[in-house]
Structures are given as C-alpha cells and as structure tokens.
Amino acid sequence: MEGKVENKSDNLIRKLEAYNIETQVGIKYCGDIDFYIEILKISVEVSKEKISSLNKFYGEKDYTNYTIIVHSVKSSAANIGAMKLSDMARLLEKAGKEDDIEYIECNNSSFIKCYMETMQGIEDVLGIDNDSVEICEEEMLLCHNWKEMMARLPDLLEELELDVAETIVSEMLSFKLPEEIHKEVVEIKKCLHRFDVEGAKEKVGLLMR
C-alpha cells in the first residue's frame, strides 16, 4: 500500500517537473507533499485574477500597480518551486522599480505566456493524477489543523511575505472552521489586502492564545 502511494507521488513530481517546477523547493516550503498540492491548487485559482490584473494594468500603462502584482507572482511562484517564472517576475519587478518601461514592454508578453503555461501545466497534472491528489477535508484537518497553519503566519508577516501569508489564510478558509474562528480569519485576510501588517499580526496573536 505504501509503495503505491509513493509511486503516485513520484509520478506527480515527475510530471510537475516537466513544467519547470522544482518540486523539492515547494515541498520544503510546505512541509509535505499533501499541503504542497493544496498550495498548488490555490496558486492556479489565484492566477486567474492575477493575470487579469496584469493585463489590465499593463494595458492602462499603470506600471506601479503592475509591479505590485509582479512582486506577488515572484513570491508565490518561488514558493511552489516555479523558479523560471519567479525569475522572470523578479526582473520585471526590478524594471518597474527603475521605470524601465522598455524592458517591461519587451518582456511582458513572454512573462504572461510563461505564467499561463505554468499554471495550465499544474492544472493538467493535478487533473491527470486526480486519485492521488484528492485529499478529503477531514484528513487535511488532522494533518494541518488551523492552529498549525496559523503558526506559520507570524514569521511570514515579520518577513513581509504577504502573498504567502494570504495563500495560507485562503487555504484555512477552505475548511469548515468554527464560525468565530472563520470570521477572524476573514479579518486577517482583509488586513493582508490592505497591507495592514500590524493589524494582521495582532489578530493572529489573539487567535494563537
């Protein structure tokens, strides 16, 4: 039985790596492959909104907000091991901060294409390996209860890794949390949207007591 699970995991990793994803980087960040898979799913879901925002801001020549989204992609891509995508985002972020519009205009198209292809690849792989990646809510809660997930947030907030923190908060909200806890987690997510780091820290601290 254990051999089959291991083989399925190896097969999943092999397929992801075909899309330039360094899976060991992502698994190291997440702690184990089950949680890594959940973060991959969230990354795919969030990417749709981010790509829409990137296209909107680029079309409006709003390079300030464009650079903010690019920074977010840089961080989230690195955390799942999509290092090629993360590096492209890093260079675009640098260009945005230096007002190098020519670089952005020359590289935006290839960046968006890489982003879409990477996310589509993840989506395809997870679909192909549906039996091995489906994790019931009860199993996830046993392995990663909300306090264990919450415990990851203080360090992330201290390091201003807000995109990663928001990914974890979004994952928590996918569970059936007690109503009072759910409301507080929603408030933490609102703080992250407003870049209110101190407010998020305070709310996390209260929940961790």
Side-chain angles (χ1 to χ4, degrees), residues 16 19-23 25-26 28-30 36 38-123 152-173 185-204:
L16 287 170
Y19 290 94
N20 295 310
I21 297 172
E22 298 179 25
T23 55
V25 174
K28 182 178 179 181
Y29 155 70
C30 294
Y36 177 49
E38 292 302 308
I39 295 300
L40 286 172
K41 290 177 181 178
I42 291 172
S43 296
V44 170
E45 182 180 349
V46 170
S47 71
K48 295 173 174 58
E49 181 179 348
K50 287 185 179 179
I51 290 171
S52 177
S53 295
L54 285 166
N55 288 330
K56 175 178 179 291
F57 293 136
Y58 180 78
E60 295 173 351
K61 299 188 184 297
D62 182 352
Y63 299 116
T64 298
N65 281 311
Y66 174 89
T67 302
I68 290 172
I69 303 297
V70 165
H71 169 79
S72 174
V73 175
K74 178 192 74 174
S75 298
S76 59
N79 288 323
I80 62 170
M83 305 313 295
K84 177 182 177 182
L85 177 63
S86 181
D87 193 51
M88 293 176 76
R90 177 182 62 80
L91 294 173
L92 280 168
E93 180 187 17
K94 181 174 181 288
K97 289 178 177 178
E98 296 175 354
D99 293 323
D100 187 350
I101 307 307
E102 182 179 357
Y103 183 89
I104 293 175
E105 291 180 344
C106 289
N107 291 277
N108 175 70
S109 179
S110 58
F111 169 64
I112 296 294
K113 181 180 179 183
C114 180
Y115 193 9
M116 293 177 68
E117 288 179 348
T118 301
M119 294 299 109
Q120 185 61 56
I122 293 170
E123 194 169 11
R152 299 169 183 256
L153 296 181
D155 287 343
L156 292 172
L157 293 173
E158 194 65 35
E159 296 169 8
L160 298 180
E161 291 287 354
L162 303 189
D163 190 65
V164 185
E166 188 171 346
T167 299
I168 290 177
V169 169
S170 295
E171 174 66 14
M172 289 177 65
L173 291 173
V185 175
V186 169
E187 290 303 313
I188 292 171
K189 186 168 185 177
K190 288 179 181 177
C191 286
L192 293 173
H193 275 302
R194 296 194 302 267
F195 301 102
D196 179 6
V197 177
E198 293 306 316
K201 285 181 180 179
E202 182 180 352
K203 293 182 183 301
V204 170

side-chain contact (heavy atoms from CB on, under 4.5 Å) with I104: of L92, V70, D99, only one passes, and it is L92
Side chains of S52 and K56, heavy atoms from C-beta outward: is any pair under 4.5 Å?
no
Sorted by chain and residue number, the side chain to side chain donor-acceptor pair (under 3.5 Å) partners of Q120 (sequence neighbours excluded) come out as D124
Q. Hey, are the side chains of V204 and I188 touching, using non-hydrogen atoms and a 4.5 Å cut-off?
A. yes
Hits for side chain to side chain donor-acceptor pair (under 3.5 Å) against K113, two or more places apart or cross-chain, chain-then-number order -> none
Using atom types as modelled, flag every donor-acceptor pair under 3.5 Å from a side chain in residues 82-90 to any protein atom, sequence neighbours excluded.
| unit_1 | atom_1 | unit_2 | atom_2 | d |
| --- | --- | --- | --- | --- |
| S86 | OG | K74 | O | 2.8 |
| D87 | OD1 | R90 | NE | 3.0 |
| D87 | OD1 | R90 | NH2 | 2.5 |

### Message
Could you check whether any side-chain heavy atom of F57 comes within less than 4.5 Å of a side-chain heavy atom of T64, counting everything from C-beta outward?
### Response
no
* To do: Check the pair E158, K201 against salt bridge (charged side-chain N to carboxylate O under 4.0 Å, His left out), reporting the backbone distance first and the verdict last.
  => CA-CA 9 Å; E158 194 65 35; K201 285 181 180 179; 3.0 Å; yes
Interatomic distance, CD@E198 vs CG@L157, rounded to 0.5 Å, equals 9.0 Å
dist E187:CD -> D196:CG (nearest 0.5 Å) comes out at 11.0 Å
Q.
What I'd like to find out is whether the side chain of N65 reaches to under 4.5 Å of the side chain of I69, using heavy atoms alone.
A. no
Interatomic distance, OH@Y103 vs CG@L91, rounded to 0.5 Å, equals 4.0 Å
For this session: Output yes when E93 and K97 qualify as a salt bridge under the 4.0 Å nitrogen-oxygen rule, no when they do not.
Result: yes
Would you please test V169 and L192 for side chain to side chain contact (heavy atoms under 4.5 Å, CB included) and show each step?
-> CA-CA 9 Å; V169 169; L192 293 173; 4.0 Å; yes
Keeping Y19 on the side-chain end and I122 on the backbone end, is there a donor-acceptor pair under 3.5 Å?
no
Distance col, row D62:CG vs I68:CD1, nearest 0.5 angstrom, shows 8.0 Å
Minimal heavy-atom distance between T67 and G96, with the atoms involved, is OG1-CA, 3.3 Å
When you measure from the side chain of S75 to the backbone N and O of S72, does any donor-acceptor pair fall under 3.5 Å? no
d(I42 CD1, I39 CD1) to nearest 0.5 Å is 4.5 Å
Compare all side-chain heavy atoms of V25 with those of I80 and state whether any distance is below 4.5 angstrom.
no
Can you list the steps and then say if Y66 with E60 is a side chain to side chain contact (heavy atoms under 4.5 Å, CB included)? CA-CA 10 Å; Y66 174 89; E60 295 173 351; over 6 Å; no
* Asked: Can any side-chain N or O of T118 pair as donor or acceptor with the backbone N or O of C114 at less than 3.5 Å?
  -> yes
**Asked** Angle class for the Y58/Y63 ring planes (parallel below 30°, perpendicular above 60°, tilted otherwise)?
**Response** perpendicular
SG (C106) and CD1 (I101) are apart, to the nearest 0.5 Å, by 11.5 Å
| request: Just do the salt bridge (charged side-chain N to carboxylate O under 4.0 Å, His left out) check on E45 and K41 with the steps written out, would you? | output: CA-CA 6 Å; E45 182 180 349; K41 290 177 181 178; over 6 Å; no
Check your understanding: So do K190 and K203 actually touch side chain to side chain, heavy atoms under 4.5 Å?
Key -> no
